[in-house]
Amino acid sequence: MSDFTWKGTAASSKGIIVSEYPPIFRPEERLEMVQVPGRSGELYLTLDEPVFNAYTKECICYFDPTSKNIEDIKTWLSGAGDVKFHNELDYLYEARILYQIPFEKILRGRPHRTFIVPFHCQPLKKKAIPEADIVMTASGGTITNPGSVSSRPRIKVEGSGNIGLMIGTATITNITGLSGAIVIDSDVGVAFDATGTQNMSYFVQGDWPRIPAGDSPVSWTGTVSKVTITPRWRYL
C-alpha cells in the first residue's frame with residue numbers, strides 16, 4: 001500500500017491512502033543574479049558554501065471509506081514534524097503543514113475524493129535511521145561525511161582549561177576556561193552544559209563547527225579526554 005509517515009505515524013493507520021507521491025528533485029539553490037551594464041547575460045553571486053531554498057512536496061491522497069475519525073486526522077495533519085515518503089524510505093524531511101486541509105468538502109458525499117497534503121520541507125533531508133555518534137579520545141583522527149553538504153553537528157567536549165578544536169582545514173573553535181564538559185550545537189549556534197540547562201555560549205569563540213562533505217581531519221589542543229560528535233549528515 002502507498003503510504004507516508006508523519007510525526008512517526010503511518011497515514012495508512014489513519015485510513016489515508018496515497019495515490020501519488022511528490023516528485024524527487026534537487027532543491028533550488030539560492031543565488032543572487034546581477035546584471036552588469038555593458039555585459040551580456042548575468043552574474044551569479046554565491047556564498048562560500050551553497051545554500052538552498054525550502055519547498056513544498058504535495059502528497060495526493062484519498063480516504064479509505066471505512067475511515068471515520070476525521071477530527072483525529074485533522075489534528076494529526078497539522079503543525080511541524082518529520083515526514084517520510086514511502087518512495088524514499090531511507091530519508092526523512094523536516095516539514096510543516098502550512099495551511100488547513102478542507103476535509104468537509106472532501107467528505108461531502110464522495111468518500112473516494114482525493115485531497116492534497118502540502119508538506120513544506122526544509123531543503124536538506126536526513127537519514128531515517130540516525131547515524132551513530134562518533135567518539136574520539138585522541139587528537140588527529142579523520143571522519144567522513146557521506147552527505148551532500150557540510151553538516152552542522154552537535155559536539156560534546158570533555159576536558160579542562162583552554163581548548164582549540166579544528167575540523168577540516170578551516171573551522172577552528174576555541175573554548176576558554178572549561179571545567180568538565182560543554183555541548184556545542186552548531187545548528188542553532190548555542191553551547192550549553194552537559195545537562196542542557198546552563199547557557200555556555202560565552203565560553204566559545206571562533207567558528208561554530210562544521211563538517212565538510214568527504215574526509216576531514218579532527219584535531220585539538222589543550223586537555224581533552226573525549227569528544228563526542230553527533231554528525232547530522234544531510235543530503236540533497
Side-chain angles (χ1 to χ4, degrees), residues 1-30 51-133 147-149 151-154 183 185-190 192 195-199 230-236:
M1 178 184 293
S2 297
D3 210 348
F4 67 83
T5 301
W6 171 240
K7 299 181 183 179
T9 300
S12 56
S13 71
K14 300 283 189 179
I16 295 175
I17 300 170
V18 176
S19 61
E20 185 176 334
Y21 289 116
I24 302 170
F25 55 85
R26 179 187 174 94
E28 179 186 20
E29 186 175 355
R30 189 180 304 161
V51 294
F52 302 88
N53 293 323
Y55 58 96
T56 299
K57 294 176 78 74
E58 296 184 340
C59 206
I60 302 175
C61 308
Y62 64 91
F63 282 112
D64 185 315
T66 62
S67 178
K68 299 183 183 303
N69 195 357
I70 303 306
E71 291 304 318
D72 174 60
I73 293 172
K74 288 167 64 177
T75 301
W76 173 62
L77 286 178
S78 63
D82 288 338
V83 60
K84 176 169 65 176
F85 304 103
H86 287 210
N87 62 337
E88 288 188 275
L89 285 172
D90 289 339
Y91 298 100
L92 294 177
Y93 291 85
E94 297 177 12
R96 176 175 288 275
I97 296 178
L98 293 179
Y99 57 85
Q100 182 62 48
I101 302 167
F103 291 103
E104 291 77 9
K105 294 181 180 179
I106 294 165
L107 296 172
R108 192 177 302 159
R110 297 182 63 183
H112 292 291
R113 186 172 180 180
T114 61
F115 62 99
I116 294 174
V117 183
F119 296 102
H120 193 66
C121 298
Q122 295 297 331
L124 303 177
K125 55 193 176 185
K126 57 189 177 182
K127 285 290 188 178
I129 299 176
E131 57 276 347
D133 287 348
S148 309
V149 297
S151 77
R152 299 186 177 192
R154 181 182 185 272
V183 178
D185 192 328
S186 297
D187 193 34
V188 293
V190 172
F192 45 87
T195 66
T197 58
Q198 180 182 350
N199 187 345
T230 303
R232 296 170 171 163
W233 308 136
R234 294 295 183 266
Y235 304 82
L236 291 173

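As a basis for the values below, the full set of heavy atoms in this structure was taken, side chains included, without hydrogen atoms, waters or symmetry mates.
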Is the cationic atom of Lys126 (NZ for Lys, CZ for Arg) positioned less than 6.0 Å from the six-membered ring centroid of Tyr235 and within 45 degrees of its normal? no
Check whether NZ of the Lys or CZ of the Arg Lys125 lies under 6.0 Å from the centre of the six-membered ring of Tyr91 and within 45 degrees of that ring's axis. yes
I want to check something: taking the side chain as every heavy atom from C-beta on, are [X] and [Y] in contact at a cut-off of under 4.5 Å?
{"X": "Ile97", "Y": "His120", "answer": "no"}
{"X": "Phe119", "Y": "Val117", "answer": "yes"}
{"X": "Asn199", "Y": "Phe192", "answer": "no"}
{"X": "Leu92", "Y": "Val83", "answer": "no"}
{"X": "Phe115", "Y": "Ile16", "answer": "yes"}
{"X": "Pro153", "Y": "Arg232", "answer": "no"}

Using atom types as modelled and distance alone, determine if a side-chain donor or acceptor of [X] lies under 3.5 Å from a backbone N or O of [Y].
{"X": "Ser148", "Y": "Leu236", "result": "yes"}
{"X": "Asp3", "Y": "Ala11", "result": "yes"}
{"X": "Thr230", "Y": "Asp133", "result": "no"}
{"X": "Ser151", "Y": "Pro231", "result": "yes"}
{"X": "Lys7", "Y": "Ser78", "result": "yes"}
{"X": "Trp76", "Y": "Trp6", "result": "yes"}

SB check Asp187 Arg154 (cutoff 4.0 Å):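 The answer is no: the pair does not qualify as a salt bridge.
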What closest approach, in Å, do Glu58 and Tyr99 show between heavy atoms, and which atom pair accounts for it? OE2-OH, 4.3 Å
Could you pull out the closest heavy-atom pair between Pro22 and Asn87, with the gap in Å? O-ND2, 3.9 Å
Please walk me through it: do Val149 and Phe52 pass side chain to side chain contact (heavy atoms under 4.5 Å, CB included)? CA-CA 11 Å; Val149 297; Phe52 302 88; 4.1 Å; yes
Can a donor-acceptor pair be found between the side chains of Tyr93 and Glu88 at a distance below 3.5 Å? yes
Report yes or no: do Thr5 and His86 form a side-chain donor-acceptor pair below 3.5 Å? yes
Report the distance from atom [atom1] of [X] to atom [atom2] of [Y], rounding to the nearest 0.5 Å.
{"X": "Ile60", "Y": "Ile17", "atom1": "CD1", "atom2": "CD1", "answer": "14.5 Å"}
{"X": "Thr56", "Y": "Ile116", "atom1": "OG1", "atom2": "CD1", "answer": "11.0 Å"}
{"X": "Lys14", "Y": "Ile73", "atom1": "NZ", "atom2": "CD1", "answer": "7.0 Å"}
{"X": "Arg96", "Y": "Cys121", "atom1": "CZ", "atom2": "SG", "answer": "12.5 Å"}

Please evaluate residues Phe4 and Tyr21 with respect to the criterion ring pair (Phe, Tyr, Trp, His ring centres under 6.0 Å), reporting the C-alpha separation (whole Å), side-chain torsions for both, the decisive distance (0.1 Å), and the verdict. CA-CA 9 Å; Phe4 67 83; Tyr21 289 116; 8.5 Å; no
